[in-house]
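Report on the following structure.
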Amino acid sequence: MTVRLYDSASREIQPLVPITPGKVGIYHCGLTVQGPPHIGHIRKEVVFDVLRRWLEQDGLEVTIIANVTDIDDKILAKGEELGEPWFSVAYRNERALHAAYEVLGCRPPTYEPRATGHVPEMIEMIETLIDRGHAYPAEDGSGDVYFDVRSWSAYGELSNQSIDDMLPAPDAPATAKRDPRDFALWKGHKEGEPQTAAWSTPWGRGRPGWHLECSAMAAKYLGHRFDIHGGGLDLRFPHHENELAQSRAAGQDFAQIWMHNAMLNLGGSKMAKSVGNTLMVSEVVKRVPAPALRYYLAAAHYRSIIEFSEEALAEAATAYARIEGFVTRAGELVGAGKLGTIPARFAEAMNDDLSVPAALAVLHNEVAEGNKAISAGDRVLVAELLAGVRAMLDVLGLDPVTWAGSAASSNNETLAVLVDQLVARRTEAKAEKDFAAADLIRDQLSAAGVELEDTPAGTRWSVKGM
RNA sequence: GGUGGGUUGGCCGAGAGGCGAGGCAACGGACUGCAAAUCCGUGUACACGGGUUCAAAUCCCGUACCCACCUCCA
């Protein structure tokens with residue numbers, strides 16, 4: 001059974017046929033580190049992390065390259081504004097990005113190349129493009145080098161647009177572009193920009209153009225032909241269109257499948273710093289448990305817009321708590337055990353263009369069966385269902401057993417001693433039919449965020465939101 | 001002006017010609033000292049107007065509204 005993915009270039013579902021059997025190379029556009037990541041940014045990370053986990057459990061060896069754009073106009077402007085070196089701004093935000101990966105259980109990419117570390121590769125590529133007649137240095141002495149869109153007849157193939165229908169870039173008249181749609185491969189150094197943000201080239205000092213970095217880095221780490229190129233839908237044009245044009249014009253074959261995740265909206269428009277409707281990952285995980293946020297971001301199909309709402313986020317947290325509750329109770333009964341077999345229907349859903357919603361339906365059914373098995377005391381069945389449920393959760397990066405390991409320190413022993421004492425006192429009160437005293441203890445614990453559950457095997461407790 | 005996508009029950013969210021995905025909420029019941037958790041049961045929704053068909057949420061035509069992109073953007 002093969003994985004089928006929607007290819008934005010052909011606008012059709014395509015089977016994923018690895019170029020090298022058993023291996024898959026994926027490039028996805030990382031962040032321009034001009035600020036810390038918001039939950040829209042991290043949605044993309046979750047999507048590609050789930051893709052990677054799914055391919056890996058299928059036995060494929062996955063190489064993921066996600067770039068960090070650590071130099072651009074906004075980063076330079078931010079440094080200027082804060083009176084801080086631009087590279088310090090970029091690095092701080094890159095660390096914030098890594099913290100967000102970590103907190104949401106996204107495994108780091110195989111490698112995260114930085115644009116500033118790949119200037120020689122870019123220069124080489126520009127030379128190739130100039131030699132082949134697809135790029136030209138600006139004649140106004142600006143030091144810019146442009147890609148000549150009219151020289152590449154396939155330009156527009158990714159976004160299905162023809163050059164003449166496109167609106168020209170507004171800055172075009174002020175530059176030496178032959179066609180207003182030509183874009184910068186390389187940007188000449190400008191008066192007032194720090195010298196640390198300029199590199200020597202045959203065309204003078206300057207800095208990388210955004211589109212070219214990705215082409216150069218993808219080629220370096222994945223070769224001239226690779227399996228999947230991904231990113232947010234907002235990058236489809238111009239960024240990915242331009243990447244594709246450059247790389248093909250330079251004689252490369254480039255990506256076989258283009259995957260674009262839909263945006264996360266808030267208040268009716270895309271979450272973006274420029275709109276001012278951002279919610280930082282670091283803030284949201286203070287309000288809901290991190291796996292609940294991950295569940296929320298992963299639960300909708302990756303090609304569907306998520307219109308963010310607090311209500312929907314809270315629902316996701318409740319839904320995840322139900323799953324987590326089963327895993328915890330089943331684990332107490334039969335031990336955590338190992339990951340089991342993934343049900344066929346779950347696999348079918350995931351193979352069908354990563355249909356997480358359908359996969360979750362299977363997962364919830366298995367949880368319901370598991371809960372029944374717990375009630376029936378069927379330990380063999382509980383163990384089997386638990387193993388399967390955990391295998392599915394692992395693919396989604398949502399296995400509570402794994403998460404509990406990382407959160408163990410916060411569930412500290414002092415707390416456990418205190419709560420156990422109170423629970424014991426309440427059990428005594430119940431035995432003496434002093435329900436008022438018993439309820440008081442339960443209410444006090446509840447007010448402190450500790451929830452109790454009476455079961456045939458005794459009282460269980462858990463800290464809300466953990 | 002061009003390109004792509006969308007509008008599904010109280011809410012979220014799949015599906016893509018016939019059989020009510022799943023979750024959340026609500027209501028009833030079982031269990032419980034009471035709860036909680038869990039289980040059982042309860043809902044006939046697909047923007048609007050036409051059309052095709054034995055059969056349309058699903059296909060076709062039209063209309064309205066929404067989102068993304070055509071400037072930096074996950």
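Lettering of chains follows the sequences in order, A, B, ..., and the numbering in each one begins at 1. Just so it is clear, the structure is predicted and the values come from calculations on it, not from any experiment.
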Categorize [X] for me: base, sugar-phosphate, or nothing, with a 4.0 angstrom heavy-atom threshold over every strand shown.
X	result
Arg322(A)	sugar-phosphate
Glu453(A)	base
Ala368(A)	sugar-phosphate
Ser309(A)	nothing
Asn160(A)	sugar-phosphate
His239(A)	nothing
Gln161(A)	base
Lys433(A)	nothing
His364(A)	sugar-phosphate
Asn371(A)	sugar-phosphate
Gly156(A)	nothing
Ala300(A)	sugar-phosphate
Gly30(A)	sugar-phosphate
Phe435(A)	base

> Counting only Watson-Crick or G-U wobble pairs whose two distances fall under 3.5 Å, which nucleotide matches rA36(B)?
Replying inline: none

> Across all strands shown, which nucleotide pairs with rA74(B) by Watson-Crick or G-U wobble geometry, both distances under 3.5 Å?
Replying inline: none

>> Measuring from atom CG of Leu396(A) to atom CG of Leu360(A), what distance do you get when rounded to the nearest 0.5 angstrom?
In response: 6.0 Å

Please give the distance between the [atom1] atoms of [N] and [M] as a whole number of Å.
N	M	atom1	value
rC24(B)	rC40(B)	P	12 Å
rA57(B)	rU52(B)	C1'	16 Å
rA26(B)	rC61(B)	P	44 Å
rU8(B)	rA14(B)	P	11 Å
rG23(B)	rG13(B)	C1'	8 Å

Check whether any side-chain N or O of [X] sits under 4.0 Å from OP1 or OP2 of [N], and answer yes or no.
X	N	value
Ser304(A)	rA14(B)	yes
Arg442(A)	rA37(B)	no
Lys270(A)	rC69(B)	yes
Ser159(A)	rG4(B)	no

Closest listed nucleotide, where the reference is the side chain of [X] and the choices are [options]:
X	options	result
Ser375(A)	rA14(B), rA68(B), rU38(B)	rU38(B)
Glu315(A)	rA25(B), rC69(B), rC11(B)	rC11(B)
Ala312(A)	rC12(B), rA74(B), rA21(B)	rC12(B)
Asp439(A)	rG33(B), rA14(B), rC39(B)	rG33(B)
His301(A)	rA74(B), rA14(B), rA21(B)	rA14(B)

> Any ion pair linking Arg114(A) and Glu94(A) (charged N to carboxylate O, less than 4.0 Å)?
Replying inline: yes

> Are the aromatic ring centres of His240(A) and His229(A) under 6.0 angstrom apart?
Replying inline: yes

> Do Phe226(A) and Tyr221(A) have their ring centres less than 6.0 Å from each other?
Replying inline: no

>> Both Leu264(A) and Tyr296(A) contact RNA chain B. Which one's nearest nucleotide lies toward the 5' end?
In response: Tyr296(A)

>> If you assign each of Arg303(A) and Asp352(A) to its closest nucleotide in RNA chain B, which residue comes earlier from the 5' end?
In response: Arg303(A)

Do the side-chain N and O atoms of [X] and [Y] include a donor-acceptor pair separated by under 3.5 angstrom?
X	Y	value
Glu241(A)	Ser159(A)	yes
Asp353(A)	Tyr302(A)	yes
Asp72(A)	Thr69(A)	no

>> So, under a plain 3.5 Å distance rule, would you say the side chain of Asp454(A) forms a donor-acceptor pair with the base of rC34(B)?
In response: yes

>> Quiz question: going by heavy-atom distance under 3.5 Å, is there a donor-acceptor pair between the base of rC39(B) and the side chain of Lys372(A)?
In response: no

